Amino acid sequence: MSQENRKQLFPSIQPNKAISTSTSEMAGERNPASCYLDERTFRLCCQLFLQHSETIQDGWSWEQIKGTDEGFMKKTVLMPVKPSFLHKQHECSMQDENMVTDDVQANVEDETAGVQAVCEIHAVLRYEYHVLYSCSYQIPVLYFRASTLDGRPLSLEEVWSNVHPNYRQRLQQGPWDTLTQQEHPLLGQPFFMLHPCRTEEFMKPALDLAQAENKRMNYIVTWLSVVGPVVRLDVPLSYSSSAVISLSVSDSTDPEDVQRTC
Amino acid sequence: MSDNAESPTETQKDDPSIQHAATEHTGASDEKKKIDVLLKAVGDAPIMKTKKWSVERGRTVQSLAQFISRFLKLEASEQLFIYVNQSFAPSPDQEVGVLFECFGSDGKLVLHYCKSQAWG
């Protein structure tokens, strides 16, 4: 079939449109040199992320601020730590420790045996993670707050000591991912935040690589897989699968735009 | 791209569980315990002179990152980032053997790495 005939029969097919649209779509219509994310793409990436979370019961949810179109992703995690973690920081920790254990044991009737065992042996911390979009930086930002089970907020010092050893040394040395206490932009409550000033350093190489190899990627998946473990947030490997990365047909204006990752 | 890094034989002696794949003469039992890893630099990261390594399955990503950092002589303030499947950063506690099972192809696991600029 000649090119002419092909155009007459299939006027909507434009050979290179799918590729350029898909990469610019997932990259947030960005300049190849930058690593910024527009808000629409942020939401799309979160949507895909949340769908997968639902599938694997990873516990993420979308929180919408009433009366606005602003929202964020949220996940709460119970994290066992050695009792000495809290003992070091507070004088009355011994008493607190027993109180925590007693309270927890009283309420574990419906808990599984595994969880009960954890509560008896360890102290348990409650970490609440929020993924927000920063309009000023035009990138996502990770906020979190941490407390003991009896509701005592962790100090900055305690949170620092719980940073993954793989990152602790460098975190203390530079502004790479400085942990700071900030007011949550949407809730107005005190949270910890991983400063986003160095996001470009670890996002740009991944974005450039995906673009060079014409592979699609989910910005949020890549970004969270890097920053999450720093503050003990686990992002399971299955998030990297193509199901979380491909755009669904309904999000695309032209069915020809839909591409599958390899 | 940066200059090639030289092979520090000292590092190899310290880490018997990570060995140059080309010189590895393994028996059947060793082959099961180790997997082949191909390291590829992205961004401004220095290219490793030796790219292919045999790594014990139980080795963690953190441990491998430390090895690469020493090999490339990164400064204490520089952070190494490792990506699997090109755009996913595995948890530092993840075992390379698991990554190989999920993302390995043609008998090897391809890992991309980059680094943050030194502070100051």
Side-chain angles (χ1 to χ4, degrees), chain A residues 26-27 35 45 163-178 197-242 244-245 261-262, chain B residues 1-2 38-47 59-70 72 74-106 109-120:
Chain A
M26 289 315 292
C35 66
C45 292
V163 163
H164 195 288
N166 191 49
Y167 308 96
R168 204 175 295 157
Q169 188 190 5
R170 286 163 192 86
L171 224 75
Q172 286 164 342
Q173 290 216 17
W176 174 69
D177 273 343
T178 307
C197 64
R198 295 287 175 123
T199 300
E200 184 169 3
E201 289 183 8
F202 59 81
M203 285 306 296
K204 189 177 184 306
L207 288 163
D208 289 347
L209 185 62
Q211 199 170 45
E213 311 228 349
N214 200 29
K215 268 192 94 170
R216 310 178 87 182
M217 55 176 276
N218 183 314
Y219 193 110
I220 293 298
V221 168
T222 299
W223 168 79
L224 198 59
S225 72
V226 175
V227 300
V230 178
V231 288
R232 307 289 186 170
L233 170 64
D234 185 46
V235 180
L237 282 178
S238 62
Y239 277 101
S240 68
S241 68
S242 59
V244 198
I245 293 168
T261 52
C262 54
Chain B
M1 284 296 210
S2 312
L38 181 63
L39 298 173
K40 290 189 172 181
V42 288
D44 296 328
I47 302 169
R59 196 99 179 184
T60 63
V61 167
Q62 175 177 350
S63 170
L64 184 61
Q66 281 167 358
F67 172 79
I68 298 169
S69 298
R70 284 201 305 271
L72 296 176
L74 293 191
E75 291 173 38
S77 57
E78 289 181 295
Q79 180 78 46
L80 190 83
F81 300 103
I82 291 178
Y83 298 94
V84 74
N85 203 23
Q86 296 174 325
S87 59
F88 188 86
S91 158
D93 304 320
Q94 187 64 265
E95 292 181 1
V96 295
V98 174
L99 295 181
F100 179 79
E101 295 305 321
C102 297
F103 304 105
S105 65
D106 298 328
L109 173 68
V110 176
L111 295 177
H112 289 89
Y113 65 90
C114 67
K115 68 178 178 78
S116 74
Q117 288 159 21
W119 181 54

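This is a predicted model, so every value here is computed, not measured. Chain naming here is simple, since letters A, B, ... match the order of the sequence lines and numbering starts at 1 in each.
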Spacing of [X] atom [atom1] and [Y] atom [atom2] [to the nearest 0.5 Å]:
X	Y	atom1	atom2	result
B:S63	A:N166	OG	CG	10.0 Å
B:C114	A:K204	SG	NZ	10.5 Å
A:E201	B:Q79	CD	CD	10.5 Å

message = With a 4.5 Å cut-off on side-chain heavy atoms, are B:H112 and A:P205 touching?
response =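 Answer no - side chains too far apart.
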Check your understanding: Just wondering, do A:S225 and B:Y83 contact through their side chains at under 4.5 Å, heavy atoms?
Key ->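 The answer is no; the side chains never approach within 4.5 Å.
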Give the table of side-chain donor-acceptor pairs shorter than 3.5 Å for residues 227-235 of chain A, with sequence neighbours excluded, one pair per line with atom names and distance.
residue, atom, partner, partner atom, Å
A:R232, NE, A:N162, O, 2.8

_Is A:P165 in contact with chain B via its backbone, its side chain, both, or neither, using a 4.5 Å heavy-atom distance?_
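For A:P165, the contact with chain B is made by backbone and side chain together.
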Engaged part of A:L237 at the chain B interface, taking heavy atoms whose separation is under 4.5 Å
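Both backbone and side chain.
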Only one of A:T222, A:N218, A:V221 passes side chain to side chain contact (heavy atoms under 4.5 Å, CB included) with B:F88, and that residue is A:V221
